[in-house]
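Here the structure is laid out as structure tokens; the discussion comes afterwards.
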Amino acid sequence: MGNVRARTDAEVAARRAEILDATAALLAEQEYESVTLAAIAKKCSIARPSVYHYYATKEEVYLDLMRREYAAWATEIRVRFKGRMGREKFCRELAESLLGRRLILQLLAINDASLRSKCGDEAIMDFQRDIHPFFVELAEVLRKQFPNAVESEREMFRTQLTMYSYSIYPLLSYPEGFVTQVGRMNLYGEVAPIEDLVTKGLMLLSVELR
């Protein structure tokens, strides 16, 4: 399969999916800077020159990977938040959902300026349009969970949640045991488990919701 170029739409979609799967697997093992198109090609059954038929840069691969992850996340939150719950439970569930999306958090940590310089503003705008359905789904979740909040308060929470999400991955990327060691040194006071930290942050962000 490796050197034979895909011809049908189904074959192209299968090749792209294989490239995305290989990239996700590599990102589970190493950081963004270390991943190359050559490494991606080696991880799957597609010859390196053939990868360029589908993606010109690894940044283009990441944008498609983000599209796929956001689509999956939209489906998850639709199911997870189907029933109404209290604000504290909502924040704990959302924290669990966020932390379960490590790949999204990792990709969000990539420098936007680097992506824009490699992909161009038009590609970034296309990407933003493509992931918009996730934010529509999130807005619907918030309307169901907090029907008494005014729309501006829900919009503010969505904006703050996006900004907050950018800050989570660095906490997840420390070597195992590092955070515990920092806690023992008492540099920043007692260090709570990451689940509790994220939940607390969401509780603070959602204080105006009701």
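Please read these numbers as outputs of a predicted model, since none were measured by experiment. Worth knowing before you read on, the calculation uses all heavy atoms, side chains too, and leaves out hydrogens, waters and symmetry mates.
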For the side chain of [X] and the backbone of [Y], is there at least one donor-acceptor N/O pair under 3.5 Å apart?
X: Q145; Y: F81; value: yes
X: R116; Y: I124; value: no
X: K58; Y: V35; value: yes
X: E137; Y: I77; value: no
X: S167; Y: M163; value: no

Going from [atom1] on [X] to [atom2] on [Y], what distance comes out if it is rounded to the nearest 0.5 angstrom?
X: R158; Y: F134; atom1: CZ; atom2: CZ; value: 10.5 Å
X: Y70; Y: L65; atom1: OH; atom2: CG; value: 12.0 Å
X: Y54; Y: L37; atom1: OH; atom2: CG; value: 13.5 Å

Side-chain heavy-atom pair [X], [Y] within 4.5 angstrom cut-off:
X: L63; Y: D126; result: no
X: T57; Y: E60; result: yes
X: R101; Y: S165; result: no
X: V141; Y: L94; result: no
X: E29; Y: K43; result: yes

**For Y166, ring-ring contact (aromatic ring centres under 6.0 Å, His included) partners two or more places apart** =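 Y166 satisfies ring-ring contact (aromatic ring centres under 6.0 Å, His included) with no other residue.
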
**Counterpart residues, ring-ring contact (aromatic ring centres under 6.0 Å, His included), relative to F146 (two or more places apart)** =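 Here the qualifying residues are F90.
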
Taking all non-hydrogen atoms of both residues into account, name the closest pair between [X] and [Y] and its distance.
X: L99; Y: L105; result: CA-CD1, 4.4 Å
X: S206; Y: F157; result: CB-CE1, 3.7 Å
X: L98; Y: W73; result: CD2-CH2, 3.5 Å
X: M85; Y: R80; result: CE-O, 3.9 Å
X: V51; Y: A41; result: CG2-CB, 3.6 Å
X: A24; Y: L103; result: CB-CD2, 3.9 Å

Using the test side-chain hydrogen bond (donor to acceptor under 3.5 Å, both in side chains), find all partners of [X] that sit at least two apart in sequence or belong to another chain.
X: K89; value: E93
X: R68; value: D21
X: E88; value: none

Does one hydrophobic cluster hold both [X] and [Y], with members joined at side-chain heavy-atom distances below 4.5 Å?
X: Y55; Y: Y52; value: yes
X: L142; Y: V207; value: no
X: L209; Y: L205; value: yes
X: I40; Y: V12; value: yes
X: L172; Y: L26; value: yes

**side chain to side chain contact (heavy atoms under 4.5 Å, CB included) partners for E33, two or more places apart** =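 Residues passing side chain to side chain contact (heavy atoms under 4.5 Å, CB included) with E33: E31.
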
**Request:** Applying side chain to side chain contact (heavy atoms under 4.5 Å, CB included), name anything that partners R92, two or more places apart in sequence or on another chain.
**Result:**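 Scan of R92 (side chain to side chain contact (heavy atoms under 4.5 Å, CB included), adjacent residues dropped) gives D196, T199.
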
**ring-ring contact (aromatic ring centres under 6.0 Å, His included) contacts touching residues 10-42 (sequence neighbours left out)** =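 Output for this query lists Y32-Y62.
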
Once salt bridge (charged side-chain N to carboxylate O under 4.0 Å, His left out) is applied, do any residues pair with [X], and if so which ones, sequence neighbours excluded?
X: E153; answer: R210
X: R67; answer: D64, D130
X: K144; answer: none
X: D9; answer: none

**Item:** Residue from L107, I131, V61, L20 passing side chain to side chain contact (heavy atoms under 4.5 Å, CB included) with M66
**Value:**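 The residue from L107, I131, V61, L20 that satisfies side chain to side chain contact (heavy atoms under 4.5 Å, CB included) with M66 turns out to be L107.
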
**Message:** Evaluate L161 against L202 for side-chain contact (heavy atoms from CB on, under 4.5 Å), listing each step before the verdict.
**Reply:** CA-CA 8 Å; L161 174 62; L202 293 172; 3.7 Å; yes

**Request:** Determine whether more than 12 heavy atoms belonging to other residues, nucleotides or ligands lie under 6.0 Å from atom CD of E122.
**Result:**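 Open: at most 12 neighbouring heavy atoms sit under 6.0 Å from CD of E122.
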
**Prompt:** So with a 6.0 Å cut-off around CE of M156, is the heavy-atom count from everything else above 12?
**Reply:**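 Open: at most 12 neighbouring heavy atoms sit under 6.0 Å from CE of M156.
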
**Message:** For M203 and R87: C-alpha separation, side-chain torsions, deciding distance, then whether side-chain contact (heavy atoms from CB on, under 4.5 Å) applies.
**Reply:** CA-CA 8 Å; M203 287 290 289; R87 186 167 69 91; 3.8 Å; yes

**Message:** Regarding R154 and E151, does a basic nitrogen lie under 4.0 Å from an acidic carboxylate oxygen?
**Reply:**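 Salt bridge present between R154 and E151.
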
